[in-house]
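In each ligand, atom 1 is the first atom listed, and ligand 1 is the first ligand listed. Values below: every heavy atom of this structure, side chains too, minus hydrogens, waters and symmetry copies.
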Amino acid sequence: MTEPRKIHIKTFGCQMNVYDSERIAELLAPQGFAETSDVEDADVVVLNTCHIREKAAEKVYSELGRLQQLRRRRQAAGGDLLIGVAGCVAQAEGSALLERAPQVDIVVGPQAYHRLPELLHRHARSRSAALDTDFPLESKFDRLPEELAAAPDISAFLTVQEGCDKFCTFCVVPYTRGAEASRPAAAILAEARRLVDAGAREITLLGQNVNAYRGAGPAGEAWDLARLIGALAEIDALRRIRYTTSHPRDLGAALVAAHREVEKLMPFLHLPVQSGSDAVLRAMNRRHTTDDYRRTVERLRRARPDIALSSDFIVGFPGESERDFRATLALVEEIGFAQAFSFKYSPRPGTPAASMRGQLKDHLKSERLAELQALLARQSAAFQAATVGRILPVLLERPGRHPGQLVGRTPYLQAVHVAAPHARPGDLIPGDLIEVRITASHAHSLAAEPLAGRAGAARRSPQGYAACA
Ligand code: 5AD
Ligand code: SF4
């Protein structure tokens, strides 16, 4: 038998890239590639890339510079290294990427990576770069292997929808990921069962616009996300369901009702608003106003009073006035976010906003970003602190760094270090859903002790949030 070749996949950007990287590993395993976490050990390196902001794309080129040096060292010693670029930079830049980084052997877009085995063969035959940035008619999902390459994490990702038809004027996604497309419900349910059978206890449904999900149901009728969530909740050993990322415009009554009715659906929602100014939202082509957003949040809070919200913000969009920016701060104050991501507007080639008048100076964007981030940091610290003393269900995900410690998450996605030094071996294991008392809050995590205290077995929580104080 020949030695397996080693592949190292480095992932940039969003959770969908994390999911895609796992699928790439599965796709190449039958071709004799074993995954390695050490780039020095790899025969093939694939960068799975992100194009959302300039900084993310530039990171890829610095990484390619480092890989070229590694290849030169290898070649000097009689070896070699094959370099592939997948994901959104590959899609957006295509052959321009090969001009700027001629060391790249393979370029493959996010909708064509099921063709990687062919691309590797093509490259081996021609010894020249192989490129595929098509949006093929066939769906990659129909061509991906069903076997998992490795045991899934306790909390696993599952892509249900891809692409975007919204065309926000700042965003490259509709160009890099293509038009909205949803996977059939049966394929998703089968994949979820495989993940759960292999040990996953939480599934996060992924899509660029996940709540626009409209997949074919088993009888050919269209299912929406709420219906899909309802069907997934029937998988017994699956304890928690999440979904991301949602667009405020597609958050309809059925999904709001799912937050009230489906116990396994976690009360934490990432719902990007981008700006608190209606003028800016219009220029962004967001197709929702600040009032629409307020109303949606109200409906969600009525359905699930303990729901915690997260959001994305862009500051310094072309034409954003001081008043517009103050309106964003005011909206943040009004809504209150448990967590958020915020960015300086980054002009992206080919998007409408990049050629709008009124581009802001970088120092102004930086000042606004610092002010917004200070406010968001205060809110998330307050949210963390408010959980101290509460009894919460925690899904244990992995052993911690210290003996007797386990790391899990609350329903609100907060990382929790659970101290169980006196538990008997086997009392608590990753995958358990237990009740804990939160004892302290830090910037990025919480500390907790199992509810049964020092004596051993913690009380198993029957459901995701049954024990909320
Ligand atoms: N500049 C800055 N931030 C952007 N985002 C998307 N495009 C841009 C851009 N051109 C942000 C949005 C989106 C998140 C994933 O990235 O806030 O929700
Ligand atoms: Fe980009 Fe807007 Fe689509 Fe989100 S909804 S992926 S921001 S175009």
Side-chain angles (χ1 to χ4, degrees), residues 11-19 49-59 87-89 91-92 110-111 159-182 206-214 225 243-251 269-277 280-289 292-293 296 309-320 325 328 331-332 337 339-356 358-362 364-366 368-369 372-373 376:
T11 308
F12 300 81
C14 64
Q15 292 111 322
M16 196 165 283
N17 270 7
V18 174
Y19 177 88
T49 60
C50 172
H51 201 249
I52 198 96
R53 284 169 292 276
E54 190 180 355
K55 235 197 221 159
E58 285 308 313
K59 261 194 223 158
C88 291
V89 174
Q91 188 65 41
Q111 305 306 349
T159 294
V160 302
Q161 179 278 337
E162 263 196 81
C164 183
D165 296 341
K166 294 282 187 297
F167 290 92
C168 298
T169 52
F170 52 80
C171 185
V172 288
V173 166
Y175 312 96
T176 57
R177 290 270 170 175
E180 266 176 37
S182 296
L206 300 181
Q208 261 92 32
N209 223 317
V210 71
N211 55 336
Y213 175 83
R214 282 285 176 289
L225 189 67
Y243 61 94
T244 197
T245 290
S246 296
H247 192 288
R249 203 185 150 93
D250 296 318
L251 219 132
L269 184 63
H270 184 59
L271 192 64
V273 64
Q274 312 295 357
S275 167
S277 151
V280 173
L281 290 178
R282 246 190 328 274
M284 286 176 164
N285 189 33
R286 284 291 290 176
R287 306 163 192 231
H288 64 80
T289 63
D292 295 334
Y293 191 84
T296 301
L309 294 169
S310 148
S311 184
D312 291 340
F313 296 91
I314 295 178
V315 298
F317 187 79
E320 184 189 70
F325 174 61
T328 299
L331 187 73
V332 171
F337 292 96
Q339 191 252 328
F341 301 98
S342 46
F343 313 98
K344 290 194 270 188
Y345 168 67
S346 166
R348 308 307 292 129
T351 58
S355 52
M356 281 180 185
Q359 303 283 334
L360 268 63
K361 294 253 177 350
D362 191 61
L364 189 54
K365 294 185 200 174
S366 300
R368 290 183 182 172
L369 185 66
L372 174 62
Q373 288 187 336
L376 292 167

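- One distance of note links CZ of R53 with SG of C171; it measures 9.5 Å at 0.5 Å rounding.
- Under the 3.5 Å distance criterion, with hydrogens and angles disregarded, a donor-acceptor pair is assigned to the side chains of S342 and Q373.
- E54 CD: 12 or fewer foreign heavy atoms inside a 6.0 Å radius.
- Contact residues for ligand 1 (protein heavy atom closer than 4.0 angstrom to any ligand atom): I52, R53, F170, Q274, D312, I314, F343, K344, Y345, S346, R348.
- Checked against a 6.0 Å centroid threshold, the rings of F313 and F337 count as neighbours.
- Here the closest non-hydrogen pair linking P347 and Y345 is CA-OH, 3.3 Å.
- V210 pairs in a side chain to side chain contact (heavy atoms under 4.5 Å, CB included) with only one of the listed residues (D250, T159, V160), which is V160.
- Shown here is R214, whose CZ atom has more than 12 heavy atoms of other residues, nucleotides or ligands within 6.0 Å.
- Of all atoms in ligand 2, listed by their number and element, those nearer than 4.0 Å to a heavy atom of R286 are 2 (Fe), 7 (S).
- The distance between the ring centers of F167 and Y175 falls below 6.0 angstrom.
- Taking a cut-off of under 4.0 Å to the non-hydrogen atoms of F170, the atoms of ligand 2 that pass are 7 (S).
- More than 12 non-hydrogen atoms from other residues, nucleotides or ligands lie less than 6.0 angstrom from NZ of K166.
- In summary, D292 and R286 do not engage in a salt bridge, as defined by a charged side-chain N under 4.0 Å from a carboxylate O.
- Around atom 3 (Fe) of ligand 2, protein N, O or S atoms at less than 2.8 Å comprise C164 SG.
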